[in-house]
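Notes follow the structure.
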2 protein chains.
Amino acid sequence: MTDVDQADRFARAREAQSVALIEDYVEMIGDLIAELGEARVADIAERMGVAQPTATKAVSRLKREGFATSRPYRGVFLTEEGAALAERVRARHRTVVALLRAVGVPEEVAELDAEGIEHHVSEQTLKAFERFLQGK
Amino acid sequence: MTDVDQADRFARAREAQSVALIEDYVEMIGDLIAELGEARVADIAERMGVAQPTATKAVSRLKREGFATSRPYRGVFLTEEGAALAERVRARHRTVVALLRAVGVPEEVAELDAEGIEHHVSEQTLKAFERFLQGK
DNA sequence: GATGATGTATAGCCTATGCTATATTTAAAT
DNA sequence: ATTTAAATATAGCATAGGCTATACATCATC
């Protein structure tokens with residue numbers, strides 16, 4: 001492993017982090033729409049455990065990046081791209097939790113840790129997890 | 001799972017993130033000291049893949065939080081606490097990589113993903129990983 | 001249809017991380 | 001010993017996420 005490689009790894013981890021919040025919000029908005037028909041900023045804020053203006057700001061970013069749409073004082077909805085991302089994130093989350101459970105992590109802990117881990121699981125690792133789970 | 005639980009999970013992931021950079025820098029400084037006898041800011045910056053002032057700022061934070069010491073224009077060293085943290089982080093990294101390899105993740109990818117994943121692996125999950133690896 | 005409660009947006013602030021440009025110190029070389 | 005090169009520090013800026021306080025819309029209720 002050379003220095004450059006290591007720097008690249010950190011850069012990758014930083015990049016993943018910047019995507020993580022987007023993924024969390026998109027998934028949560030997807031959940032709320034599924035449950036309630038729409039996602040209100042107040043509900044998003046409560047579930048994310050942040051203040052309402054923080055959720056508003058996050059929604060602005062989602063809109064700016066093409067994952068969500070909304071009109072002032074109205075609910076938030078996902079674009080096609082946003083809905084697809086939400087589905088990918090949800091599936092990945094399930095797989096990560098299942099993998100953790102499969103190697104002996106208690107359910108409660110698996111859910112907790114998966115929330116942070118999932119954003120750093122690459123496509124290749126995800127595929128490996130799936131193969132491992134099938135092989136069991 | 002209630003809303004409060006979910007908000008807590010996100011809060012936990014955010015907290016983990018704030019610790020992640022500290023862990024990365026501390027581990028890297030430990031590596032440099034082991035290899036070169038001291039950790040120079042320029043080396044830290046290069047390996048972390050950031051600009052030199054960014055590394056300087058990070059070192060300031062490490063000092064402020066009691067993990068490192070340094071004098072102006074001189075190398076950076078770890079406190080006892082910093083060295084202990086570095087060792088814990090290094091051990092956890094090894095375990096995470098081993099676990100990924102054990103479930104079929106290719107070596108290269110395992111190293112890449114571990115860099116991000118490791119910061120979100122709790123003590124309990126780490127223990128489960130170790131048990132799983134021993135049982136193989 | 002006015003009013004009050006609720007929900008959303010905006011303003012302004014803080015901290016953290018990143019950057020570039022530049023000053024300063026140290027160390028090396030002539 | 002000076003001068004120059006290299007390393008480090010500092011200044012100043014940007015973005016992102018968090019917060020509180022407050023303004024503004026919407027909606028329900030009377």
Side-chain angles (χ1 to χ4, degrees), chain A residues 3 7-29 32-33 36-77 115-116 119, chain B residues 3 7-26 28-29 32-33 36-65 67-77 115-116 119:
Chain A
D3 287 1
D8 283 350
R9 284 214 299 280
F10 286 120
R12 222 184 92 99
R14 282 196 299 272
E15 169 61 20
Q17 186 49 35
S18 105
V19 173
L21 257 208
I22 288 181
E23 291 182 341
D24 284 339
Y25 275 99
V26 163
E27 181 183 7
M28 169 133 311
I29 290 168
L32 287 168
I33 291 172
L36 311 173
E38 69 172 353
R40 305 301 305 230
V41 167
D43 297 330
I44 296 170
E46 187 193 346
R47 293 219 187 170
M48 291 296 296
V50 298
Q52 167 260 311
T54 300
T56 299
K57 201 183 282 189
V59 169
S60 298
R61 188 175 162 204
L62 295 186
K63 290 169 71 173
R64 174 157 38 92
E65 303 198 11
F67 295 111
T69 59
S70 76
R71 297 198 337 267
Y73 297 98
R74 288 305 201 279
V76 179
F77 299 92
E115 201 63 65
H119 302 292
Chain B
D3 287 2
D8 283 350
R9 284 213 300 279
F10 286 120
R12 221 183 92 100
R14 282 196 298 272
E15 169 60 21
Q17 185 49 35
S18 107
V19 174
L21 256 208
I22 288 182
E23 292 182 341
D24 284 340
Y25 275 98
V26 164
M28 169 133 309
I29 291 168
L32 286 168
I33 291 172
L36 311 174
E38 69 173 352
R40 305 300 306 230
V41 168
D43 297 329
I44 297 169
E46 186 193 347
R47 293 219 187 171
M48 291 296 297
V50 299
Q52 167 260 312
T54 301
T56 298
K57 202 182 285 190
V59 169
S60 298
R61 188 177 163 202
L62 295 186
K63 291 169 71 173
R64 175 157 37 94
E65 303 199 11
F67 295 111
T69 60
S70 76
R71 296 197 338 266
Y73 297 97
R74 286 308 200 281
V76 180
F77 298 92
E115 202 63 65
H119 303 292

Quiz item: In whole Å, what is the span from the CZ atom of B:Arg14 to the C1' atom of C:dA16?
Solution: 15 Å
Quiz item: Given side chains that start at C-beta, do those of B:Glu38 and B:Asp43 come closer than 4.5 Å, heavy atoms only?
Solution: no
Exercise. Using heavy atoms to find the nearest nucleotide of DNA chain D for A:Leu21 and A:Pro72 separately, return the residue whose nucleotide is more 5′.
Key: A:Leu21
Quiz item: Can you tell me how far P of D:dT10 sits from CD of B:Gln52, to the nearest Å?
Solution: 11 Å
Self-check item: Whole-Å gap separating C1' (C:dG7) and CZ (A:Arg74)
Solution: 11 Å
Quiz item: What is the nucleic acid contact for A:Ala51, judged by heavy atoms within less than 4.0 Å: base, sugar-phosphate only, or nothing?
Solution: base
Self-check item: Options C:dA9, D:dG18, D:dT26, nucleotide nearest the side-chain atoms of A:Thr56
Solution: C:dA9
Quiz item: Of the non-hydrogen atoms in B:Ala39 and B:Ile33, which two are nearest, and what is the gap between them?
Solution: N-CG1, 4.0 Å
Exercise. Specify the separation, in whole Å, of atom CZ of A:Arg71 and atom P of C:dG7.
Key: 19 Å
Quiz prompt | Per B:Val50 side chain, nearest of listed nucleotides C:dC19, C:dA16, C:dT8 | solution = C:dC19
Quiz item: Taking CZ from B:Arg40 and P from D:dA9, how many angstroms apart are they, rounded to a whole number?
Solution: 9 Å
Exercise. Look only at the side chain of B:Ser60 and the backbone of B:Thr56, and say whether a donor-acceptor pair between them is shorter than 3.5 Å.
Key: yes
Practice problem: Identify which nucleotide among D:dT26, D:dT10, D:dC19 has an atom closest to any side-chain atom of B:Pro53, counting heavy atoms from C-beta outward. | Solution: D:dT10
Practice problem: Check whether any side-chain heavy atom of B:His119 sits under 4.5 Å from a side-chain heavy atom of B:Glu23, and report yes or no. | Solution: yes
Exercise. Take B:Ile22 and A:Ser70, find for each the nucleotide of DNA chain C with the closest heavy atom, and name the residue whose nucleotide sits nearer the 5' end.
Key: A:Ser70
Self-check item: Distance in angstrom units between B:Glu46 CD and D:dA7 P, rounded
Solution: 11 Å
Exercise. Write down the distance between OH (A:Tyr25) and P (D:dA16), rounded to a whole number of angstrom.
Key: 14 Å
Quiz prompt | 4.5 Å side-chain heavy-atom contact, A:Val76 and A:Leu62 | solution = no
Quiz prompt | Rounded distance (Å) that lies between atom C1' of C:dA21 and atom NZ of B:Lys57 | solution = 14 Å
